[in-house]
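Letters go in sequence order (proteins before strands), and every chain restarts at 1.
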Amino acid sequence: MFALLRKPPKNHLHFFCIYRGLSPLTTTSPAPLPPAAADPAALASLILTSTDPRTLTQTLHCPSLHWTPQLVDQIIKRLWNHALKALHFFNILSYHPTYAHSPSSFDHAIDLAARLRDYRTVWTLVHRMKSLSLGPTQKTFAIIAERYVSAGKADRAVKIFLSMHEHGCRQSLNSFNTILDLLCKEKKVEKAYNLFKVFRGKFKADVISYNVIANGWCLVKRTNKALEVLKEMVDRGLNPNLTTYNIVLKGYFRAGQIEEAWRFFLEMKKRKCEIDVVTYTTIVHGFGVVGEIKRARNVFDGMVNGGVLPSVATYNAMIQVLCKKDSVENAILVFEEMVGKGYMPNSTTYNVVIRGLCHTGEMERALEFVGRMKDDECEPNVQTYNILIRYFCDAGEIERGLELFEKMGSGVCLPNLDTYNILISSMFVRKKSDDLLVAGKLLIEMVDRGFMPRKFTFNRVLNGLLLIGNQGLAKEILRLQSRCGRLPRQFKL
DNA sequence: ATAGGGTTAG
C-alpha cells in the first residue's frame, strides 16, 4: 500500500476534481464525487465498496472535502472491523496534499496494524509520528504494549515499556500503572507483580499501582493474594480508598465467596466507609449471578435509603440477573420502571433485554425491542446483531441469520470476531454441504479483516471441507493458517 | 490509557 502511493500525484488530483471530464485518468473510470457533506457513514461505505485504490484516492483528495481529525477518527471507527480498509483509508489521507493526520489517528492506525500483527508497519508509523513531532505518546505505547500482550508477547511488551524513553516518550508513574494494568487484564498477574516489585521504588508506586495489582489477583480469583498485597500497601503507609474496597468486594463475588463479600460490605458500613453506586452495583450483580435474586433485589431496593441512587449500570445488572435467574417478565417490569423514572436505557440495557427474550424463544418480541431501541436513537450495535444472529441460527432460521450478517457487511455495523465465530459454528448445525462451504469462506474473510480464528475453528472448518470433498478450499485455508501462526505477517500496506 | 460497577461464550 505504501509502495502504491510512494509518489503521491498531488497537484494532478486537484485538477482532476475540477476538470473531471478532461483528465486523462478518465480513460479508466471517473472518480465519484465525494458526498456533499462530510458524512462519515457515507464516506465509510464509499471506502468499503471501492475496488480501485487510484479512484478512491482521487475522490478522497478532492479539495471540496474538508478533512478534520474528528472526521478521520469517525471513519476509522466505522471501518474498525475491516482493518485493511481502515488502514488503506488512513494511508490515502497520509498523502493528502493539505491535510495532516492527528496523533489520535496515528494511534488508531497503529492499533489496527498491531491487531494484524504487522509489527513492521506499527514501527514504521511510530517513526513517522516521531518525524512529524506528533508522538509517540504514552497512549501510543499503551496501545502497542496491549497488542503485544494479547498476542502472547508479554515479555516483548515489558521490554518496549522499559525502552519507551529511547523513543522520545518519557516514562512516568502513569505509564507504569498502565503497563501493570494491561498485564493484569490479560491475566498475566504474576508477570505484573514481578515488574511491580522491581520498579515500585523507582516509580514511587501509589495506591493506584496497588489497586491494579490487587484487582489482577482478583481477576484470577486469588482474593487472598490481593489482600496480601493490600496489607503490604498499608504497611508502607498508603491508605486504601473506596476503589480498593470495591475491588476486594468484587473479588469475593468473583471467587464465589458470597458470604465473605456480604460480611465485607457490612464491615464497610460499620466503619462508616463511604459507599457508592459502584459498591451497590457490584453486590446486586454478585448476588444475582449466583441466583440469590431476593438478596439482590433487597440491596437494589434499599440503596436509595442508603442515600445512593441507582445508575443505568445498576439497572442493567438487576435486569440481567432477573433475565437469567428469574424471569424475563420481571426483568421487563424493571426495565419499564427505569424508563418511567426518566432513565435513558443504553445499548447494554437493550441488549440484555433482547438476549433475555431470545433466550426464551420470543424472537418477535425481541425484534420489537430492537425497534424501540432505534426509536430511542440508540442504534443496534455489533452485540445486538450478534445476539440476533446467534438465536436465529440456534432456532434453525439460518437464512435469517445470514440475512442480518449481509446487512451488517453493507457498512451499517461491520461484523467482529464474535460475529464470525457465531456464524461459523452455526454452519455446522444443519449438516448441509453448502453451509460448510460458507463456513470456509467466512473463515477466509475473517482473516482478511484482521481477526485471528482459534485453532479449534480452523480444525473444525478444515474437517468440514474435507468431509464434503472440497480439497481446494481446504488447502487454501491450510496455507492461511500457517501464515497466521508464528511467522509475523506482512500485509502490504 | 492511571484503578473499581452492566452486554459475552460452550
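- Here the side chains of Glu228(A) and Glu232(A) are not in contact, with every heavy-atom distance at 4.5 Å or above.
- Residues Tyr245(A) and Phe265(A) place their aromatic rings such that the two centres sit no closer than 6.0 Å.
- Between dT8(B), dA1(B), dG5(B), one nucleotide has an atom nearer to the side chain of Val277(A) than all others, and that is dG5(B).
- Using a 4.0 Å heavy-atom criterion, one finds that Thr314(A) contacts the bases of the nucleic acid, with or without backbone contacts as well.
- In this structure, CD1 of Ile160(A) is placed 16 Å from C1' of dA1(B), rounded to the nearest angstrom.
- Residues Ser347(A) and Gln383(A) are not in side-chain contact: their nearest non-hydrogen atoms beyond the backbone lie 4.5 Å or more apart.
- Asp276(A) comes within 4.0 angstrom of a nucleotide base, judged by non-hydrogen atoms across all strands.
- Atom CG in Asn416(A) sits roughly 14 Å away from atom P in dT8(B) (whole-Å rounding).
- With distances taken from any side-chain atom of Asn346(A) to the nucleotides dG6(B), dA3(B), dG5(B), the minimum falls on dG6(B).
- Among dG6(B), dA1(B), dA3(B), the nucleotide with an atom closest to any side-chain atom of Asn316(A) is dG6(B).
- Proximity note for Arg254(A) (side chain, C-beta onward) versus dG6(B), dG5(B), dG10(B): the nearest is dG5(B).
- A sub-4.0 Å separation between OP1 or OP2 of dG5(B) and a side-chain N or O of His285(A) is absent.
- Straight-line distance from the CG atom of Leu417(A) to the P atom of dT8(B): 16 Å, rounded to whole Å.
- The distance between atom NZ of Lys185(A) and atom C1' of dG5(B), rounded to the nearest whole Å, is 13 Å.
- Using a 4.0 Å heavy-atom criterion, one finds that Asp181(A) contacts the sugar-phosphate atoms exclusively.
- Ile283(A) comes within contact range of no nucleotide atom at all, as no heavy-atom separation falls under 4.0 Å.
- Closest contact between the side chain of Ser311(A) and the listed nucleotides dG6(B), dG5(B), dA9(B) involves dG5(B).
- Residue contacts shown for Thr348(A) include a base, since a base heavy atom lies under 4.0 Å away.
- Within 4.0 Å (heavy atoms only), Asn421(A) reaches no atom of the nucleic acid at all.
- Residue contacts shown for Gln138(A) are absent, as no nucleic acid heavy atom lies under 4.0 Å away.
- Checking each of Ser105(A), Pro103(A), Ser104(A) against Leu134(A) for a side-chain contact (heavy atoms from CB on, under 4.5 Å) leaves exactly one that passes, namely Pro103(A).
- Whole-Å rounding puts the Met303(A) CE to dG6(B) C1' distance at 13 Å.
- Heavy atoms of Lys250(A) sit under 4.0 angstrom from primed sugar atoms or phosphate atoms, though from no base atom.
- In this structure, His108(A) contributes its side chain and Asp73(A) its backbone to no donor-acceptor pair below 3.5 Å.
- Leu242(A) comes within contact range of at least one nucleobase, with a heavy-atom separation under 4.0 Å.
- With rounding to whole Å, Leu180(A) atom CG is found 11 Å from dA3(B) atom P.
- Distances from the side chain of Asn177(A) to the nucleotides dA1(B), dT2(B), dG6(B) place dT2(B) closest.
- Taking atom CZ of Phe253(A) as the reference point, atom P of dG5(B) lies 13 Å away to the nearest angstrom.
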Practice prompt. Check step by step if side chain to side chain donor-acceptor pair (under 3.5 Å) holds for Gln138(A) and Ser172(A).
Written response: CA-CA 9 Å; Gln138(A) 295 193 352; Ser172(A) 65; 3.3 Å; yes
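- Whole-Å rounding puts the Asp418(A) CG to dG10(B) P distance at 12 Å.
- Closest to the side chain of Thr281(A), out of dG5(B), dA3(B), dT8(B), is dG5(B).
- Here the side chain of Asn174(A) is nearest to one of dT2(B), dG10(B), dA1(B), namely dT2(B).
- Considering only side-chain atoms of Lys324(A), the nucleotide from dT8(B), dA3(B), dA1(B) that sits closest is dT8(B).
- Two residues are said to be in side-chain contact when any heavy atoms from C-beta on lie closer than 4.5 Å; Ile389(A) and Phe405(A) meet this criterion.
- Checking the phosphate oxygens (OP1, OP2) of dA9(B), no side-chain nitrogen or oxygen of Arg390(A) falls inside 4.0 Å.
- In this entry the base of dG5(B) is anti relative to its sugar, with a glycosidic angle more than 90° from 0.
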